[in-house]
Amino acid sequence: MRPVPDTDPMPAADQAAALRAALLDWYDREGRTLPWRVRPEDRAAGRVADPYAVWLSEIMLQQTTVPHATPYWHRFLALWPTVHDLAAAPREQVMAEWAGLGYYARARNLHACAGVVSGELGGAFPGDLDGLRALPGIGDYTANAIRAAAFDRPASVVDGNVERVISRLFALETPLPKSKPQIRKLAAALADPQRPGDYAQAIMDLGATVCAPRSPDCGACPWSGPCAARASGDPVRFPLKEKKRPKPVRRGAVFALVRPGHGRHGEKGGADHVLSVTRPDGGLLGGMRALPGTDWTEDGPGEDARASAQPIDAQWDYRGAVRHVFTHFTLELDVWTAEAPGDIRPDEGEWLDAAAMSKAMPTLYRKALTLALA
DNA sequence: AATACGTGGGC
DNA sequence: TGCCCAAGTAT
């Protein structure tokens, strides 16, 4: 057997135990109180975690900040207090309530997952990794997070926070994502089998509040003593990352066909309605309410493409462009409006009250609709 | 293994 | 302004 190189950072058992103890002690004093979280003092008061509420928080928090996700979490729980309620809700309503949170596959999977848990599983989330991992929208991280936070069973959570904390603690010179397997091993070796739920939440809190990406507060860190990145004098250099490719620009056009508000007998007043469509599942913004429009291409739509994407033949008025930055490209979207003749019946789409429609749409289309109606 | 997939806030 | 970053998953 090849000898372990002396640069191998794997901590010895007693070192791991000391790290655990220091982190848990810090968490007991400084860990965050979050609405879905059951802290040690909560447990002492007899409060137990609701796996449904924990699952909901974990899905919402994927690649999403706590301040952004929190109001959505409250709203979902108020609307659908149990997994059965969520499963019974129309998917369209779930998508509308998710509007603005991003990564809309999460909402589609959320509803599908609720259906499985409510139906096949009788309302009970699995407590084992394989059972959790098999559910739609639950991957490696989320399965471990639910197992730890909802069931307080042994798990090892590795999210962006943990990757940063571990990379710094051991000053890993291998850049992400290549270092992920090593990070997983180190994180698993440190995880606390006695207080798995608290430990998992503690190491993520540490990354979120102390071991921050740009401005770590090493003076407040329970691991500053053993931290190799701190010892190096330049902790912010970690984790090293592969540089990413430039973001291309794509262009497209959308059409806001407006049916002016009118009363029951045709008098003025009442809310404007706008023609909306639902984007197909699977692609960008899949399953979400949208304005009709062209495809998005590098060169942008020509006049022919634009004309054929118009919901009706009408006097279309150019209102300007909105710019929207997605993860892997920037979109410049031309916005056109037209007033619909009273008797028009477009082939596709539905008329929605403009205000309600805006709330139910992804941010991109909210911007476009705002410009269209300005 | 690499890429698609949103959004908003910080600096 | 532009880039980085956030409790990742699916394919």
Side-chain angles (χ1 to χ4, degrees), chain A residues 31-32 34-37 53-73 95 98-110 112-113 132-150 155-165 176-178 180-181 183-184 187 197 200-209 211-216 236 239-250 279-288 290 296 322-331 361-367:
Chain A
R32 290 178 294 181
L34 297 170
W36 46 84
R37 174 177 288 179
V54 170
W55 162 73
L56 188 58
S57 76
E58 289 299 341
I59 302 300
M60 288 183 168
L61 288 164
Q62 288 167 6
Q63 299 287 286
T64 306
T65 60
V66 167
H68 193 191
T70 299
Y72 285 83
W73 183 85
M95 300 307 289
W98 196 275
L101 248 197
Y103 284 140
Y104 297 98
R106 291 185 296 170
R108 301 194 299 271
N109 286 330
L110 184 84
C113 182
L132 287 164
R133 193 72 181 64
L135 293 167
I138 297 183
D140 213 34
Y141 160 76
T142 304
N144 279 278
I146 293 173
R147 184 169 156 83
S156 177
V157 295
V158 182
D159 68 341
N161 289 308
V162 175
E163 286 174 355
R164 183 172 57 258
V165 169
L176 284 168
K178 187 173 290 193
K180 279 176 185 249
I183 290 173
R184 269 197 292 276
Q201 295 174 90
I203 192 169
M204 290 190 287
D205 266 21
L206 186 68
T209 65
C211 195
R214 311 283 193 103
S215 52
V236 176
L240 281 70
K241 294 195 175 186
E242 302 279 12
K243 48 172 77 78
K244 51 187 135 0
R245 338 183 308 230
K247 215 169 265 207
V249 177
R250 293 185 199 168
R279 294 178 61 88
D281 282 4
L284 197 69
L285 311 178
M288 296 300 289
W296 307 336
V322 294
R323 166 177 282 256
H324 191 76
V325 181
F326 290 105
T327 304
H328 54 299
F329 67 95
T330 296
L331 179 65
M361 290 193 306
T363 299
L364 166 67
Y365 290 108
R366 276 183 209 178
K367 290 185 192 173

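Chain letters run A, B, ... following the sequence lines, proteins first and then strands; every chain starts at 1.
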Give the minimum heavy-atom separation between W36(A) and T70(A), together with the two atoms involved. CH2-OG1, 3.6 Å

Starting from C1' on dG8(C), measure out to CG on L61(A) and report it in whole angstrom. 11 Å

Minimum-distance nucleotide to R133(A) side chain [options: dG6(B), dA4(B), dA10(C)]: dA10(C)

OP1 or OP2 of dA4(B) under 4.0 Å from side-chain N/O of H328(A): no

Hey, which sits more toward the 5' end of DNA chain B by its nearest nucleotide, P177(A) or H68(A)? P177(A)

Taking for V66(A) and for G137(A) the nucleotide of DNA chain C with the nearest heavy atom, the one nearer the 5' end belongs to V66(A)

Indicate whether OP1 or OP2 belonging to dC3(C) is found under 4.0 Å from a side-chain N or O atom of K247(A). no

Taking donor-acceptor contacts at under 3.5 Å, does the side chain of T64(A) reach the base of dG6(B)? yes

Could you pull out the closest heavy-atom pair between P213(A) and V236(A), with the gap in Å? O-CG1, 3.7 Å

Mapping T65(A) and T142(A) to their closest nucleotides on DNA chain C, which lands nearer the 5' end? T65(A)

Would you kindly check whether a donor in the side chain of T327(A) faces an acceptor in the base of dG6(B), or vice versa, at under 3.5 angstrom? yes

note: E163(A), atom CD; dA6(C), atom P; distance rounded to Å ~ 9 Å

Categorize L285(A) for me: base, sugar-phosphate, or nothing, with a 4.0 angstrom heavy-atom threshold over every strand shown. sugar-phosphate

Looking at R106(A), I'd like to know whether one of its side-chain N or O atoms comes within less than 4.0 Å of OP1 or OP2 on dG6(B). no

How many whole angstroms separate atom CG of D159(A) from atom P of dT9(C)? 10 Å

Within the 4.5 Å heavy-atom criterion, are M288(A) and M361(A) side-chain neighbours or not? no

Specify the separation, in whole Å, of atom CZ of F329(A) and atom P of dG6(B). 9 Å

Rounded distance in Å - CG (L364(A)) to C1' (dG8(B)): 15 Å

For dG8(C), does either OP1 or OP2 sit under 4.0 Å from a side-chain N or O belonging to Q63(A)? yes

Atom pair distance, as rounded to whole Å: CZ in R366(A) and P in dG8(B): 8 Å

Tell me what I146(A) touches on the nucleic acid: a base, only sugar-phosphate, or nothing, going by heavy atoms under 4.0 Å. nothing

Of all the nucleotides listed (dC5(B), dC5(C), dT9(C)), which has the minimum atom distance to the side chain of L284(A)? dC5(B)

To the nearest angstrom, the CZ-P distance between R214(A) and dC3(C) comes to 12 Å

Select base, sugar-phosphate, or nothing to describe what G100(A) touches, counting heavy atoms under 4.0 Å on all strands. sugar-phosphate

Using atom CG of N109(A) as one end and atom C1' of dG8(C) as the other, report the distance to the nearest whole Å. 12 Å

Under 4.0 angstrom, heavy atoms only, what part of the nucleic acid is K180(A) near: base, sugar-phosphate, or nothing? nothing

Starting the side chain at C-beta, find the nucleotide from dG8(C), dT7(B), dC5(C) nearest to P213(A). dC5(C)

Rounded to the nearest 0.5 Å, how far does CD of Q62(A) lie from OH of Y103(A)? 10.5 Å

Looking only at atom P, what distance separates dT9(C) and dG8(B), rounded to whole Å? 22 Å

Sugar-phosphate, base or nothing in reach of V325(A), heavy atoms under 4.0 Å: base

Counting side-chain heavy atoms from CB outward, which of dA10(C), dT7(B), dC5(C) is closest to H324(A)? dT7(B)

Of the non-hydrogen atoms in R133(A) and A143(A), which two are nearest, and what is the gap between them? N-CB, 4.1 Å

How is W36(A) classified with respect to the nucleic acid when contacts are heavy atoms under 4.0 Å: base, sugar-phosphate, or nothing? base

Let me see the working for V325(A) and K247(A) under side-chain contact (heavy atoms from CB on, under 4.5 Å), right down to the final yes or no. CA-CA 9 Å; V325(A) 181; K247(A) 215 169 265 207; 3.6 Å; yes

Pick base, sugar-phosphate or nothing for P136(A), based on heavy-atom distances below 4.0 Å to the nucleic acid. sugar-phosphate

For the residue pair H324(A) and F326(A), does the interplanar ring angle fall in the parallel (under 30°), tilted (30 to 60°) or perpendicular (over 60°) class? perpendicular

Return the nearest nucleotide to the side chain of D140(A); candidates are dT3(B), dT9(C), dG8(C). dT9(C)

Between Y103(A) and dA10(C), is there a side-chain N or O to OP1/OP2 distance below 4.0 Å? no

Which is true for R323(A) with a 4.0 Å heavy-atom rule: it touches a base, it touches only sugar-phosphate, or it touches nothing? nothing

